[in-house]
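Remember, predicted model here, so these are calculated numbers, not experimental data. Every chain is numbered from 1 and lettered A, B, ... according to where its sequence line falls, protein lines coming before strand lines.
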There are 2 protein chains.
Amino acid sequence: MQHATGSRDTKAAIHQAALDLFSAQGYEKTSLREIAEQVGITKASLYYHYSSKQDLLRVIIGTFVDDVRQVMERSAGLEWSPEAVRELLGAYLDVIIKHRATGPTLMRDIGAVLAAIDEDLEGLIATSRAFQLWLAGPNPTVPDRLRAAAAIEAASAALSANLQAGEFTDAEIHATLLDATTALLARRND
Amino acid sequence: MQHATGSRDTKAAIHQAALDLFSAQGYEKTSLREIAEQVGITKASLYYHYSSKQDLLRVIIGTFVDDVRQVMERSAGLEWSPEAVRELLGAYLDVIIKHRATGPTLMRDIGAVLAAIDEDLEGLIATSRAFQLWLAGPNPTVPDRLRAAAAIEAASAALSANLQAGEFTDAEIHATLLDATTALLARRND
DNA sequence: GTCTATACCTTGATAGAC
DNA sequence: GTCTATCAAGGTATAGAC
């Protein structure tokens, strides 16, 4: 049983308003006054629910970062094979596509996002590097590693602002990009 | 004949200090006070040389944006062919690699960069879209256009922070990414 | 436990004196 | 060309009302 009004609703309302405004105008261009105004409270009240503007961003992007990390970490216990590559790339694409809505905020304000992650950043970078290295295959050459980096970047194209127009379906994006990144990595054997 | 000191030097010194600080800490996290301090002048004096913080950023990234636009615009007068694709992608990679040093600033503060471009932004987006469409080939399907977007993204991997470590040479990056993006686009015929 | 009033410091920016 | 003084707006902190 929870109160029909009060803390819970306000906190959620702030979260929602922040997400909307960040997506529309970006993190830096959105002021706490705007957010508070939209919720119908005062700027100072935000600080009861969130300890800072960065904290607010951290909560918003939290699930995305966690999802990405989870997929990347799976590579640690998985033996490399073309099938395994296809599976992990597919899972990665699923995550990206799932969070397509948060995409604009994430892309536009990478700097702020990285700052918000902060303490986990080193770990995330290490995880990302490990994933990239795993993708490159056993005994990778320099080109292999470059291709792995390019493949991740290509998959992330699903977040790109150019695709936001709604002309592409999730299924199309998944199938096409999985195929494309797989083909890109396959140059390894040439 | 120019003064050994004065306007010219100060302006250049500001430019250099701003580039250094933006690269090291990002655009938003760098204050004009910091820049002025490093140059040895006062904050207000910056405004004699540059009309705003954005203006400073605009000058710094100016050549990069111009170079990119120039390459993309070449697609307008070029008939599509696999060879033409390879040529333009190569030119695009040349530009990206040439500006690798500015990469971190550009990637981290995309939002600020876009805001700084501002009046040219619509034109640049249109140019970028046209280039992407050209890359997709004649009578492109939906997957064709997705692959084109992915290819551009993959080529831009050359700017990625993960590659900054200096473990890759310009030539390696150029050759590998040109080959990889070409292969990615070639799925068109499958 | 939830929210407001108020004040503090930094920032980007402007005006005017030298 | 450079400085001092000043401004509005932003993020932040706290004391206290209910």
Engineer: Could you tell me how far apart B:Leu46 (CG) and D:dC3 (C1') are, to the nearest whole angstrom?
Structural biologist: 12 Å

Engineer: May I have the distance from B:Glu34 (atom CD) to C:dG12 (atom C1'), rounded to whole angstrom?
Structural biologist: 14 Å

Engineer: Does B:Lys11 qualify as a cation-pi partner of B:Tyr48, given the criterion of NZ or CZ under 6.0 Å from the six-membered ring centre and within 45 degrees of its axis?
Structural biologist: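 Checked: cation-pi criterion not met.
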
Engineer: Can a donor-acceptor pair under 3.5 Å be found between the side-chain atoms of A:Lys53 and the base atoms of D:dG10?
Structural biologist: no

Engineer: In whole angstrom, what separates B:Lys29's NZ from C:dT10's P?
Structural biologist: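 Atom-to-atom, B:Lys29 to C:dT10, this comes out as 16 Å.
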
Engineer: Mind calculating the distance between OH (B:Tyr48) and C1' (D:dT4) to the nearest angstrom?
Structural biologist: 18 Å

Engineer: From CD of A:Glu28 over to P of C:dT11, roughly how many Å is that when rounded to an integer?
Structural biologist: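 Going from CD in A:Glu28 over to P in C:dT11 covers 14 Å.
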
Engineer: Ignoring hydrogens and geometry, is there a side-chain-to-backbone donor-acceptor pair from B:Tyr27 to B:Val113 under 3.5 Å?
Structural biologist: no

Engineer: Think B:Tyr47 has a side-chain N or O under 4.0 angstrom from the OP1 or OP2 of C:dA13?
Structural biologist: yes

Engineer: Quick check on C:dG12: is either OP1 or OP2 less than 4.0 Å from any side-chain nitrogen or oxygen of B:Ser52?
Structural biologist: no

Engineer: Considering just the side-chain nitrogens and oxygens of B:Arg33, establish if one lies under 4.0 Å of OP1 or OP2 belonging to C:dT11.
Structural biologist: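 So the side chain of B:Arg33 is within the cut-off, an N or O lying under 4.0 Å from OP1 or OP2 of C:dT11.
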
Engineer: Ignoring hydrogens and geometry, is there a side-chain-to-backbone donor-acceptor pair from A:Asp179 to A:Ala175 under 3.5 Å?
Structural biologist: no

Engineer: Base, sugar-phosphate alone, or nothing: which one does B:Ser31 contact when heavy atoms must sit under 4.0 Å apart?
Structural biologist: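 Sugar-phosphate only.
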
Engineer: Think B:Ser45 has a side-chain N or O under 4.0 angstrom from the OP1 or OP2 of D:dC3?
Structural biologist: yes

Engineer: Quick check: on DNA chain D, is the nucleotide nearest B:Ile41 upstream (toward 5') of the one nearest A:Tyr27, or the reverse? Name the residue that is more 5'.
Structural biologist: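 Upstream on the strand: B:Ile41.
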
Engineer: Separation of A:Gln54 atom CD from D:dG11 atom C1', in whole Å?
Structural biologist: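 Value for this atom pair: 11 Å.
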
Engineer: Ignoring backbone atoms, test whether A:His49 places a side-chain nitrogen or oxygen under 4.0 Å from the OP1 or OP2 oxygen of C:dG1.
Structural biologist: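 A:His49 to C:dG1 OP1/OP2: no side-chain N or O under 4.0 Å.
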
Engineer: Starting at atom CG of A:Leu56, determine the distance to atom P of D:dG11, rounded to an integer number of angstrom.
Structural biologist: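 In whole Å, D:dG11 P lies 11 Å from A:Leu56 CG.
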
Engineer: Identify the heavy atoms of B:Asp109 and B:Gly26 that sit nearest to each other, and give their distance.
Structural biologist: OD2-CA, 3.5 Å

Engineer: In whole Å, I'd like the distance from the CG atom of A:Asp55 to the P atom of D:dA13.
Structural biologist: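 Value for this atom pair: 12 Å.
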
Engineer: Would you call A:Asp118 and A:Arg58 a salt bridge, taking side-chain N to carboxylate O under 4.0 Å as the test?
Structural biologist: no

Engineer: From D:dC3, C:dC3, C:dT4, pick the nucleotide closest to the side chain of A:Thr42?
Structural biologist: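 Among D:dC3, C:dC3, C:dT4, the one nearest the side chain of A:Thr42 is C:dT4.
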
Engineer: Do the side chain of A:Lys43 and the base of D:dG10 come within less than 3.5 angstrom through a donor-acceptor pair of N or O atoms?
Structural biologist: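 When only heavy-atom distances are counted, A:Lys43 does not reach the base of D:dG10 through any donor-acceptor pair under 3.5 Å.
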
